[in-house]
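Just so it is clear, the values below take in all heavy atoms, side chains as well, and ignore hydrogens, waters and symmetry mates.
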Amino acid sequence: MASENILVCVAWPYANGDLHVGHVAGAYLPADIFARYHRLKGNRVAMVSGSDAHGTPIVVRAEKEGKTPRQVFEYFHARFLETQKAIGISYDLFTHTDTRNHHQIAQQMFRRLLENNYLFKARQKQLYSETQGKFLPDRLVEGTCPICNYDKARGDQCDNCGNLLDATQLINPRSRIDGSAPVVRESEHYFLNLPALREALLSYLSDKDSYWRNTVLDFSRHYAGAAEPRAFTRDLTWGIPVPLPDAEGKCIYVWYEALLGYLTATVEWAALSGRPEAWQDFWYSKAGDVKIYNFIGKDNILFHTVLWPAVLLGMGRLGEPWDGAAGRAAEAPRFNLPYDVPANQYLNLGGQKFSKSLGVSLDVIDLAAKYGADPVRFYLTSIMPENKDADWSWSDFAQRNNSELLAKWGNLAQRTLSQIWKNFEGRIPAPGELSEADQAILAQSEAAFDDVGDALGAVRLREALGKAMELATATNQYLDREAPWKTIKIDKARAATQLYVAARVIDSLSVLLAPFIPFTCEAVRRQLGYTDPLFGEQTIEVVGDDSDRHSVLRYDDRRAAGAWRPSALQPGQPLGGEPKGLITRIELQEKS
RNA sequence: GGUGACGUAGCUCAGUCGGUAGAGCAGGGGACUCAUAAGCCCUUGGUCACUGGUUCAAGUCCAGUCGUCACCA
């Protein structure tokens, strides 16, 4: 089968607060599972994301803490790198939006959209703070709600009656920064002409019925069909400046340049890999063998299914050369649009939304350190909010870990390998003739590569994990029926065959489960005596020259030897030492 | 307010073209003992949110209600 190019785009975390398990369950983990599967499958994979470094909340936080916006975002960016490494999110590149590369391409985007007439200027009324000498973002204004008279309504929405507001309608508006009263001023902005792209967007959305989630599709179509122009610029200081002489003090609206990060991160990844053109293999459709997947949370759906495709369509004839030197080729390739946007719902904690300010949070690094990355990954996959919101429960976490991950998978490897270790000098025993039962379980393990693979390919991850676990259960059943611990007392050759068969299925399982619980699977692989790893290595590196130095997460796959195919375990292979338990029991005390 | 999705056993979820509900875990019972008191076998749990409609027949289609969530100047 021809190999595919799979671009795994992951939502960009906003760098003004730590990540929590909700983020992991919603976007990063599903993306990682999916990317690992495709790597094992032998496809060309690039998984990219980064920190969203710009925008108002970072400026506000910086002002509050007496820091620069850069200091704030760099602090969280560094923590993002550690967090994602700890939980094993295998980005080919996790960068950020304040790189030279990103700035340059974002300004290119703006120019091309303007040239192609998808941006137009219009005046907009906005609240202006005279004490601060700048326009106030809606959310930084407070006042009395014109609908319900609640006196602490925010500029974008009233928390009391729930209605969306226009900040200029607020009665007695005041700045949330210094309490002063802002005035209404007109400001000129660029707007993205979505109506002009409506037909193209609806056409793009027209063939997604068979595989898009129903939480995504109808919603997107409805919005695309009624799309109005949307502001593309903001009066901001911390962002990417609009590249026009008469646009001082205006930046590209942070959402659009953050979305562009999928493209700019791929460009940066290609450059760092020493093949600067490689990004085109994912973004320009040459042979129809490219698929772009966007892993996001449900709050971001419209941005990825409508606004981002609109930008890509609008840039449309952007040619090959980013420097523009070669001009616009008449037949320049078009950008690939997202093939699938498998948006997840939310993961809550004790029925409440994750919220740092309310103390509703779970630190990912802590969890990984205390319980191991795989138990957390396993549990989060089991409850992954693919169709509806899910809830983190400590008792459920412990139960899943002890009764499923440990009992079925960890124990299966342990019981098999320890018998081999004790009775066959620590080497994979040589099988004799295979019985029907032996052949049946081996056949089941081979079929699992298709079953589990199909579900993974369709981004039905919970289902895929369930199917892989079924094989583990079947193998436990096989062992109980065959009882090699009894056989060995009367027929050692037969016991050798039984344990060889079990070890071989476990070897297959170490691949089938690897996308979900890579750390445990690597450990089993080492115990089976392999010396090369399934996956590559994640590293945090500093890249760029003096004026553009930044830290990134990278993935080096040169040693990766894993392949999505049934085990060909060699008899005689020495085990990698005395088998040890893979999973630790979780005993719950105080937490519920 | 508008749009969309979701609401099935204690928990997490399946239910394809409509034919009176399934799995894993938890709970109960049993035989074994290689294994981290794990594994295996058997088993108890459901007015499928509510109301009305279409139909010989609805968890499954239609309308409405309630609840949850997200998005929308």
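Note on A:Asn387: every side-chain N or O is 4.0 Å or more away from OP1 and OP2 of B:G7.
For the C1' atoms, the distance linking B:A49 with B:A5 amounts to 16 Å, nearest Å. Between the C1' atoms of B:C40 and B:G24, the separation comes to 16 Å (whole Å). Taking the P atoms as reference points, B:G46 lies 26 Å from B:G39, given to the whole Å. Separating the C1' atom of B:G30 from that of B:U47 is a span of 34 Å, rounded to the nearest Å. Separation of the C1' atoms belonging to B:U20 and B:G64 is 25 Å when rounded to the nearest angstrom. Between the C1' atoms of B:U12 and B:G7, the separation comes to 15 Å (whole Å).
Between A:Trp394 and A:Tyr371, the two ring planes are tilted [angle within 30° to 60°].
Within the 4.5 Å cutoff, no side-chain heavy atoms of A:Trp421 are placed close to those of A:Thr416. Using a 4.5 Å cut-off on side-chain heavy atoms (C-beta onward), A:Pro13 and A:Ser49 make contact.
Rounding to whole angstrom units, CZ of residue A:Arg230 and C1' of B:A73 are separated by 10 Å.
Using a 4.0 Å cut-off between charged nitrogen and carboxylate oxygen, A:Lys408 and A:Glu404 do not count as a salt-bridge pair. Remark: A:Glu482 engages A:Arg494 in a salt bridge, criterion side-chain N to carboxylate O under 4.0 Å. A salt bridge does not link A:Glu578 with A:Lys580: none of the charged nitrogens is closer than 4.0 Å to a carboxylate oxygen. The pair A:Arg415-A:Asp480 meets the salt-bridge criterion, since a charged nitrogen lies less than 4.0 angstrom from a carboxylate oxygen.
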message: Run A:Asn401 and A:Arg585 through side chain to side chain donor-acceptor pair (under 3.5 Å) and show every step you take.
response: CA-CA 7 Å; A:Asn401 180 73; A:Arg585 281 188 69 81; over 6 Å; no
N/O-N/O pairs, protein side and nucleotides 10-12 of chain B side, under 3.5 Å:
{"residue": "B:U12", "atom": "O4'", "partner": "A:Arg400", "partner atom": "NH2", "Å": "3.3"}
{"residue": "B:U12", "atom": "O2'", "partner": "A:Ser382", "partner atom": "O", "Å": "3.2"}
{"residue": "B:U12", "atom": "O2'", "partner": "A:Arg400", "partner atom": "NH2", "Å": "3.1"}

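Residues from residues 201-221 of chain A that place a heavy atom under 4.0 Å from any atom of RNA chain B, listed by number: A:Asn214, A:Thr215, A:Asp218, A:Phe219.
Map A:Asn300 and A:Pro385 each onto its nearest nucleotide of RNA chain B; the residue landing nearer the 5' end is A:Pro385.
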field: nucleotides 32-41 of chain B: protein proximity per nucleotide (B base, S sugar-phosphate only, - neither; heavy atom, under 4.0 Å)
entry: -SBBB-BBSS
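In this structure, the side chain of A:Asp374 engages the main chain of A:Thr520 through a donor-acceptor pair within 3.5 Å. Proximity of a side-chain donor or acceptor of A:His222 to a complementary backbone N or O of A:Phe219 within less than 3.5 Å is not detected.
In textbook terms, a nucleotide whose glycosidic angle is within 90° of 0 is syn, while B:G4, being further out, is anti.
Side chains of A:Tyr253 and A:His54: a donor-acceptor N/O pair is absent below 3.5 angstrom, by distance only.
The number of heavy-atom neighbours closer than 6.0 Å to CD of A:Glu436, taken from other residues, nucleotides and ligands shown, is 12 or below.
With sequence neighbours excluded, the residues that form a side chain to side chain contact (heavy atoms under 4.5 Å, CB included) with A:Asp209 are A:Leu217, A:Arg221.
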For residues 25-33 of chain A, which side-chain donor-acceptor pairs fall under 3.5 Å, sequence neighbours excluded?
{"residue": "A:Asp32", "atom": "OD1", "partner": "A:Arg36", "partner atom": "NE", "Å": "3.3"}
{"residue": "A:Asp32", "atom": "OD1", "partner": "A:Ser90", "partner atom": "N", "Å": "2.7"}
{"residue": "A:Asp32", "atom": "OD1", "partner": "A:Ser90", "partner atom": "OG", "Å": "2.6"}
{"residue": "A:Asp32", "atom": "OD2", "partner": "A:Arg36", "partner atom": "NE", "Å": "2.8"}
{"residue": "A:Asp32", "atom": "OD2", "partner": "A:Arg377", "partner atom": "NH1", "Å": "3.0"}
{"residue": "A:Asp32", "atom": "OD2", "partner": "A:Arg377", "partner atom": "NH2", "Å": "2.6"}

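With the 3.5 Å cutoff on both pairing distances, Watson-Crick and G-U pairs in RNA chain B assemble into runs of at least 3 at B:1-7 with B:66-72, B:10-13 with B:22-25, B:27-30 with B:40-43, B:49-53 with B:61-65.
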